[in-house]
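Step one of this worksheet: look at the structure below.
On a predicted model such as this, the values are computed, not experimentally measured, just so you know.
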Amino acid sequence: MNIFRHRPFGLLAPALLVAVAGCSASDDSATVAVPSPDAKTAKVCRDLHRVLPGKLDGRSRNDPEPRSAYTAGWGNPAIILRCGVVRPPKMIDPKVAEGGDPDALAGGVNGVDWLMEKQGDGTWRFTTANRVAYVQVSLPEGMSAQEEGTAVLTDLAAAVRKAIPKGIASMR
């Protein structure tokens with residue numbers, strides 16, 4: 001069952017982003033694990049890489065090492081994007097769909113559905129839902145989901161809508 005097909009995202013996103021406060025995810029280092037997507041996912045991830053914005057919430061592009069068409073970064077410490085990641089376990093957790101998990105919420109921003117997860121260290125990770133590839137965005141420590149998270153997801157929405165079609169992603 002896909003929990004994201006039964007949620008009114010347009011109404012949930014503003015409430016979610018107002019209700020959520022905290023810090024965010026990504027390490028200060030300039031390295032990141034590069035995903036290993038299947039061939040179909042790899043193609044749309046490369047398409048996404050070509051249309052990603054040069055600036056994200058006013059932060060300039062600062063791609064992590066190793067350089068890859070499946071990763072991107074902005075700012076220092078960097079906001080990190082990884083395309084072709086595996087489905088997060090909470091993506092299919094019934095508690096999330098029912099609103100019973102305080103650390104994972106479903107929402108939508110500008111036509112893109114997201115799973116928003118507060119990590120154990122207080123940072124935030126966002127993963128696309130209802131797209132043929134999972135795109136994960138991690139905020140560095142000190143960035144709030146409520147403020148910077150809203151701007152980051154808004155800035156990424158057009159690129160995700162253009163490059164990653166709606167559909168069901170690989171279950172890997």
For Leu156 and Val112: C-alpha separation, side-chain torsions, deciding distance, then whether side chain to side chain contact (heavy atoms under 4.5 Å, CB included) applies. CA-CA 9 Å; Leu156 287 171; Val112 179; over 6 Å; no
Do you know which two heavy atoms are closest between [X] and [Y], and how far apart they sit?
| X | Y | answer |
| --- | --- | --- |
| Val32 | Pro66 | O-CD, 3.6 Å |
| Trp114 | Val135 | CZ3-O, 3.8 Å |
| Pro53 | Ala159 | CD-CB, 4.4 Å |

Please walk me through it: do Leu81 and Trp74 pass side chain to side chain contact (heavy atoms under 4.5 Å, CB included)? CA-CA 9 Å; Leu81 178 144; Trp74 294 265; 3.8 Å; yes
Would you please name every residue forming a side chain to side chain contact (heavy atoms under 4.5 Å, CB included) with Val132, sequence neighbours left out?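 Val132 satisfies side chain to side chain contact (heavy atoms under 4.5 Å, CB included) with Val44, Ile164, Pro165 only.
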Which residues pass the side chain to side chain contact (heavy atoms under 4.5 Å, CB included) test with Asp101, not counting sequence neighbours?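 Asp101 satisfies side chain to side chain contact (heavy atoms under 4.5 Å, CB included) with Lys90, Asp93, Lys95, Val96, Asp103, Ala104 once adjacent residues are dropped.
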List for me each residue that meets side-chain hydrogen bond (donor to acceptor under 3.5 Å, both in side chains) alongside Lys43, sequence neighbours excluded, and say none if there are none. Asp47
Tell me, which pairs form a salt bridge (charged side-chain N to carboxylate O under 4.0 Å, His left out) where one or both residues lie in residues 67-83, sequence neighbours left out?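 Listed once each, the pairs are Glu65-Arg67.
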Does Arg161 use its side chain to pair, donor to acceptor, with the backbone of Asn110 at less than 3.5 Å?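 Between the backbone of Asn110 and the side chain of Arg161 there is a qualifying donor-acceptor contact (under 3.5 Å).
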For Ala133, does its backbone N or O pair with a side-chain atom of Thr128 as donor and acceptor, under 3.5 Å?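 Confirmed, Thr128 side chain pairs with Ala133 backbone.
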Side-chain contact, heavy-atom cut-off 4.5 Å: Ser138 with Ile79?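 Of all side-chain heavy-atom pairs linking Ile79 with Ser138, none is under 4.5 Å.
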Taking the side chain as C-beta and beyond, is there a heavy-atom pair between Phe126 and Glu117 under 4.5 Å?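 Phe126 does not reach Glu117 side chain to side chain.
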Would you list the pairs meeting disulfide bond (SG atoms under 2.5 Å apart) in which at least one residue belongs to residues 66-151, sequence neighbours left out? Cys45-Cys83
Pairs in or reaching into residues 51-61: which pass side-chain hydrogen bond (donor to acceptor under 3.5 Å, both in side chains), with residues at least two apart or in two chains? Lys55-Ser60, Asp57-Arg59, Arg61-Asp63
With no hydrogens and no angle check, do the side chains of Asn62 and Asn76 hold a donor and an acceptor under 3.5 Å apart?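 No - no donor-acceptor pair under 3.5 Å links their side chains.
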